[in-house]
Protein chains: 2
Amino acid sequence: MVLSEAIENYLKAIYQLCHERGRATTTALADWLEVAPASVSGMLKKLSSDRPKLVQYTRHRGVSLTPAGEKIALEVIRHHRLIEMYLHQALGYSWDQVHDEAEKLEHVISEEFEDRIAEKLGHPEFDPHGDPIPTKNGELPKLSCSCLSTMSKGQTGRVRRVRNSDPALLRYLAELGIVPDATLTVSERAPFGGPLHVQVGAEPGAAAHALGRPVTDQVFVEVDGTAVDE
Amino acid sequence: MVLSEAIENYLKAIYQLCHERGRATTTALADWLEVAPASVSGMLKKLSSDRPKLVQYTRHRGVSLTPAGEKIALEVIRHHRLIEMYLHQALGYSWDQVHDEAEKLEHVISEEFEDRIAEKLGHPEFDPHGDPIPTKNGELPKLSCSCLSTMSKGQTGRVRRVRNSDPALLRYLAELGIVPDATLTVSERAPFGGPLHVQVGAEPGAAAHALGRPVTDQVFVEVDGTAVDE
DNA sequence: ATTATTATTTAGTCTTACCTAAATCAACAA
DNA sequence: TTGTTGATTTAGGTAAGACTAAATAATAAT
């Protein structure tokens with residue numbers, strides 16, 4: 001079964017939205033894919049009537065993936081994240097450069113290519129942003145961490161994942177040293193969703209950086225050694 | 001200017017046909033691209049009326065590239081051959097596997113990717129089949145060799161290039177040891193386009209292989225140290 | 001020079017995936 | 001219950017890039 005790039009992107013988007021926000025609505029998909037809502041309606045109708053059925057869709061009710069659809073979504077995500085890792089490790093791309101390149105390559109590489117870069121990389125479990133790389137049979141490495149915006153004053157943790165692909169944001173975070181494996185300590189928490197102040201690194205006297213909600217919502221941390229949340 | 005994959009393939013095909021056979025006709029293009037002749041007519045009309053003009057076309061007269069079109073064709077060919085070399089050298093692909101993968105990747109990689117793999121490879125001049133890789137400014141490394149089918153009995157030479165991407169043929173040639181840099185000696189020449197017998201390697205007593213015209217037309221050799229032809 | 005053959009173009013369709021504008025549905029407040 | 005609003009779908013259309021069938025031009029053979 002050979003799927004168009006457009007369809008692969010819809011499946012991937014549905015997967016991500018369902019997992020990151022609980023459900024995938026027409027508007028959310030339109031936003032994510034940068035197409036008109038009407039186009040999403042049309043595509044969902046098509047996807048849900050085609051066989052094999054890749055999505056479960058009822059008008060006005062949002063959409064979810066069937067097992068067949070999820071399998072494909074995970075294959076595309078595996079491609080994407082393996083490629084990101086390869087670009088980073090083998091070709092020296094910085095973590096803010098990898099997403100755009102992977103976005104195009106993910107649709108065209110062969111199984112052969114996938115296998116060879118996975119091999120070269122030693123079958124990594126996470127990509128340069130800490131996103132888990134699905135295995136060939138569609139299993140996701142478990143990652144136990146919680147969102148930075150839920151941490152309270154005094155807590156310390158290790159950065160595990162930055163779930164955002166905006167190059168400017170990634171460069172900003174890298175500048176502050178907020179990258180996977182870095183140690184963070186919350187030195188101050190303003191109330192009412194105000195900025196969170198974090199120290200980067202293990203030294204106690206380090207300068208703190210004030211981070212707003214849009215940033216702290218994207219950073220995931222493994223607190224101490226005791227972790228909750230997905 | 002962002003071009004579709006289809007257009008890039010037309011430009012590449014026109015380039016190759018003009019250089020390998022002197023001219024690019026509608027039927028030859030249709031054959032090469034595996035589309036109907038009518039589709040080629042339509043595309044050529046479009047390409048020659050669009051601006052910037054990428055091809056020079058007059059109905060019933062064949063087509064050629066304008067300087068602008070040739071520039072793009074050479075960029076795509078550079079992508080293709082660099083990728084082939086990268087797959088071979090960095091990922092261990094065999095020479096019969098690289099073409100198909102490169103055919104898809106060539107259209108989606110960025111300038112960044114191109115530069116990085118060229119760098120990793122040490123700016124190679126030839127791909128795994130001996131095809132010259134255009135430089136960034138569109139220059140082709142000069143390759144002095146002549147077609148195996150023009151060699152006469154007793155002549156010895158070094159394989160420089162195999163201009164064919166059929167995996168089965170490439171595997172067959174590799175099996176015989178006919179790969180770039182191998183030494184060949186013509187031990188027998190049947191008349192009237194009959195098979196050519198070649199010994200592979202430097203040892204005088206080696207067994208000879210009989211090769212038909214379809215094969216010998218694709219293999220290019222640098223005879224002794226004195227070479228002619230392009 | 002006329003006919004036969006082959007190459008090429010024209011005309012008219014199809015599919016995919018997008019769009020805008022208009023209609024409809026769902027959810028919630030008055 | 002009845003609006004009102006926002007989300008969603010329907011209707012109708014466009015652009016690429018392919019196709020088939022029919023018409024025409026070029027080439028070769030008689």
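The chains referred to below are lettered A, B, ... by the order of the sequence lines, with proteins before strands, and numbering in each begins at 1. Just so we're clear, the structure is a prediction, and the values are computed from it rather than from any experiment.
For B/L33 and D/dG17, the CG to P distance is 13 Å, given to the nearest whole Å. If you take CG of A/D31 and P of D/dG6, they are 15 Å apart, rounded to a whole angstrom. Remark: P of C/dA11 and CZ of B/R59 are 14 Å apart, rounded to the nearest angstrom. Between the CD atom of B/E34 and the P atom of D/dC19 there is a distance of 10 Å, rounded to whole Å. As rounded to whole Å, 14 Å separates atom C1' of D/dA18 from atom CG of B/N9. Whole-Å rounding puts the B/E8 CD to D/dA16 C1' distance at 15 Å. Put simply, CD on A/E5 is 12 Å from C1' on C/dA17, counting in whole angstrom units. Following rounding to the nearest Å, A/K45 (NZ) and C/dA17 (P) show an atom-to-atom distance of 15 Å.
In this model, the phosphate group of D/dC19 is approached by a side-chain N or O of B/S39 to a distance below 4.0 Å at OP1 or OP2. Of the side-chain N and O atoms in B/Y57, one or more sit less than 4.0 angstrom from OP1 or OP2 of C/dT9. The phosphate of C/dT9 (OP1 or OP2) has a side-chain N or O of B/T26 nearer than 4.0 angstrom. Between A/S4 and C/dA17, a side-chain N or O to OP1/OP2 separation shorter than 4.0 Å is present. Look at A/S41 and you'll find a side-chain N or O under 4.0 angstrom from OP1 or OP2 of D/dT9. Applying the 4.0 Å criterion to OP1 and OP2 of C/dT15, one finds that A/K46 has every side-chain N and O outside that range.
For the 3.5 Å distance criterion, the side chains of A/N9 and A/H107 qualify, holding a donor opposite an acceptor. A donor-acceptor contact closer than 3.5 angstrom is absent between the side chains of A/S64 and A/Q56. No side-chain donor from either of A/E75 and A/H79 sits under 3.5 Å from a side-chain acceptor of the other.
Checking C/dA17, D/dC19, D/dA26 against the side-chain heavy atoms of B/H60 singles out D/dA26 as nearest. Closest approach to the B/V35 side chain among D/dA18, C/dC19, D/dT20 is made by D/dA18 (side chain taken as heavy atoms from C-beta onward). In the set C/dT20, C/dT10, C/dC18, C/dC18 carries the atom at the smallest distance from any side-chain atom of A/A6. Counting only heavy atoms from C-beta on, A/M43 has its side chain closest to C/dC18 among C/dC18, D/dT9, D/dA26.
For A/T58 (side chain) and A/R61 (main-chain N/O), no donor-acceptor pair under 3.5 Å exists by modelled atom type. Between the side chain of A/R116 and the main chain of B/L91, a donor-acceptor pair closer than 3.5 Å is present.
The residue among A/A36 and A/R61 whose nearest nucleotide of DNA chain C lies closer to the 5′ end is A/A36.
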